[in-house]
Trainee: 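Pasting a structure here, questions to come.
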Amino acid sequence: MPKKKQTTDFRYETGDAQIPWESVGEKINAPDLENIVRFLVRPKDGYEKQYDKKLDKVKTSLNDLWAVGEPSSKLTMGAQVKELENRCRKFLGVKHACFLTNATAGFEIAYKYADVRPGDEVIAPSITFIATIAYPLSIGAKVVFADIAPETLNMDPVDAERKITPKTKAIIPVHIGGYPADMDTIMKIARKRNITVIEDAAHAFGGMYRGRMTGTIGHFGAYSFHEVKNINSFGEGGLLVTNLDAGEDFSKCRFLGLDFTTTIPNWLYDVTPVRSLRGTWFVAGNHSSTEIQAVALLSQLKRIKTIIGERRRAFMYLRKRFAEDDAIYLPPLDTEDTKGTHHLYLFRIDPEKAGGTIQDLKKLLTQRGIVQIPHFGPLYHFDLLKKMGYNRKKIAVTCPRTEQVFNREFTHLPLYRFTHDRLEYLADNVLDSIREMRG
Ligand SMILES: *Cc1c(COP(=O)(O)O)cnc(C)c1O
């Protein structure tokens, strides 16, 4: 008699049958694991020989382990994902959380809940990553760009409100660099007009806005666990959250309209579309992440507070150093109830006082070999948008502060994963370069 497995997934529920469905997929074996270890832990330069020796030991140990263990029978949508979602719900203080392939998938689902369709309008900040607006662009909805508040680079709610039309279905503020957008004002504006607010919290997992966690204030919020974010799930991952009852259907949104949490008595009726906030129906895609990604994230979740703390210390150091020169604007400080995640340092100068623009300064920094800065530029300047029929010049006129800040004043600086010496070197060289520019 084969022993009975605990199943968590209706697809493998075969009752008393002797031949389980789960047996149709290949399992992980010892060489798979060895290859994963070999990939995740690379040999340091000059240590290749020692590395090979240690890896041999790992191989032996893995084989020993395999002699007393058996492969995990569940690689996707099992207990680890559930545990991760529970932990995230608690950490964020939110009702529903759904682990996904990435934040972009989270936005897509949220846009579908908002019933964004071709011809509708969505308001996004001018400066963000293309992922924020990929879904509306892809279906032929119109993206309207709100100007930014120069102090934070976040969406200016007053300008967003000016740009609302009867076609506006969603507003998607971004907590760029990890500093919270002005959510209370945005929510007030949106609620008056029945507009759905989706937070792009890709940089903002673990941040706080007036006592609530960033990402949990809008109707929906999505976090990214891509490898460049504050914590990651082996390279890719995302989390969609909401406090609305609509979140009860998240499981269906993740996987083609099927709900893993119940059994499926009749496939004809149990594969369903999902109801949007406006009562219409939408069809879900497949955005499932894996158990092993959940394991990675559960592990990193334990150190999120330490990570943000370390980032905050680096932020405070840079801010203190940059206070030495009055040509440099200082970004907002954390307060008792509003805290950034310090994903990036928002660096901004007054070109008059600095004797040159940010472009001049960046050239100097590149010449010195200090830092080459990849940049969030205004999306309406992208060629992609031009090809989609957006008029760069016309939009630029409606976003004057974006133009000023992007062309003349701001850049992001990295602040994490290097030693204090490097941080000091960065600050010294930025300050020196400004002095050089001033002449
Ligand atoms: C990284 C990023 C995203 C996309 O996150 P994915 O998980 O890669 O989809 C969205 N918005 C911003 C501002 C980002 O930096």
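For clarity, every value in this text was computed on a predicted model and none was experimentally measured. Atoms within a ligand are numbered from 1 in the order they appear, just like the ligands themselves.
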Trainee: Cut-off 3.5 Å, side chains only: do Tyr416 and Asn230 have a donor facing an acceptor?
Mentor: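 The criterion, which ignores hydrogens and geometry beyond distance, is not satisfied for Asn230 and Tyr416.
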
Trainee: Identify, for atom 9 (O) of ligand 1, the protein heavy atom at the shortest distance, and state residue, atom and that distance.
Mentor: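 Heavy-atom neighbour on the protein nearest atom 9 (O) of ligand 1: Thr104 OG1, 2.5 Å.
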
Trainee: Distance alone, cut at 3.5 Å: any donor-acceptor contact between the side chains of Thr341 and Arg311?
Mentor: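 On atom types as modelled, these side chains do not qualify, holding no pair under 3.5 Å.
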
Trainee: Taking a cutoff of less than 4.0 Å between a non-hydrogen atom of the residue and any ligand atom, is Gly237 in contact with ligand 1?
Mentor: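 Right, Gly237 reaches ligand 1.
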
Trainee: Going by distance alone, is a donor N or O of one side chain under 3.5 Å from an acceptor N or O of the other, for Gln293 and Glu236?
Mentor: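 The criterion, which ignores hydrogens and geometry beyond distance, is not satisfied for Glu236 and Gln293.
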
Trainee: Going by atom types alone, do Arg313 and Tyr317 pair a side-chain donor with an acceptor below 3.5 Å?
Mentor: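 Note: Arg313 and Tyr317 side chains miss the donor-acceptor criterion.
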
Trainee: Considering heavy atoms of the protein only, find what lies nearest to atom 4 (C) of ligand 1 and give residue, atom and distance to 0.1 Å.
Mentor: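 I find the closest protein heavy atom is Ala131 CB, 3.6 Å.
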
Trainee: Can you list the atoms of ligand 1 that are under 4.0 Å from a heavy atom of Thr128?
Mentor: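 The list of qualifying atoms is 13 (C).
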
Trainee: Determine the interplanar angle of the Tyr223 and Phe205 rings, folded into 0 to 90°, and report it as parallel if under 30°, tilted if 30 to 60°, perpendicular if over 60°.
Mentor: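 Perpendicular, since the angle between the ring planes exceeds 60°.
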
Trainee: Heavy atom of Tyr223 under 4.0 Å from ligand 1?
Mentor: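 False for this residue.
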
Trainee: Between the candidates Ala202, Gly177, Ala105, Ser224, which shows the shortest non-hydrogen contact distance to atom 12 (C) of ligand 1?
Mentor: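 Going through Ala202, Gly177, Ala105, Ser224 one by one, Ala202 has the nearest heavy atom to atom 12 (C) of ligand 1.
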
Trainee: Tell me which one of Glu236, His226, His343, Lys229 gets a heavy atom nearest to atom 14 (C) of ligand 1.
Mentor: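 It is Lys229 that holds the nearest heavy atom.
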
Trainee: What protein heavy atom sits nearest atom 11 (N) of ligand 1, and how far off is it?
Mentor: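 Scanning the protein heavy atoms, the shortest distance from atom 11 (N) of ligand 1 goes to Asp200 OD2, 2.7 Å.
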
Trainee: Given the side-chain rings of Phe322 and Tyr345, with only the six-membered ring counted for Trp, is the space between their centroids under 6.0 Å?
Mentor: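 Yes, they do, as the ring centres are separated by less than 6.0 Å.
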
Trainee: Is any N or O atom of Ala103, backbone or side chain, closer than 3.5 Å to an N or O atom of ligand 1?
Mentor: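 So ligand 1 has an N or O lying under 3.5 Å from an N or O of Ala103.
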
Trainee: Apply the side-chain contact (heavy atoms from CB on, under 4.5 Å) test between Phe410 and each candidate in Ile127, Thr402, Ile358, Ile148; give the one that qualifies.
Mentor: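 Among Ile127, Thr402, Ile358, Ile148, the one that satisfies the side-chain contact (heavy atoms from CB on, under 4.5 Å) with Phe410 is Ile127.
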
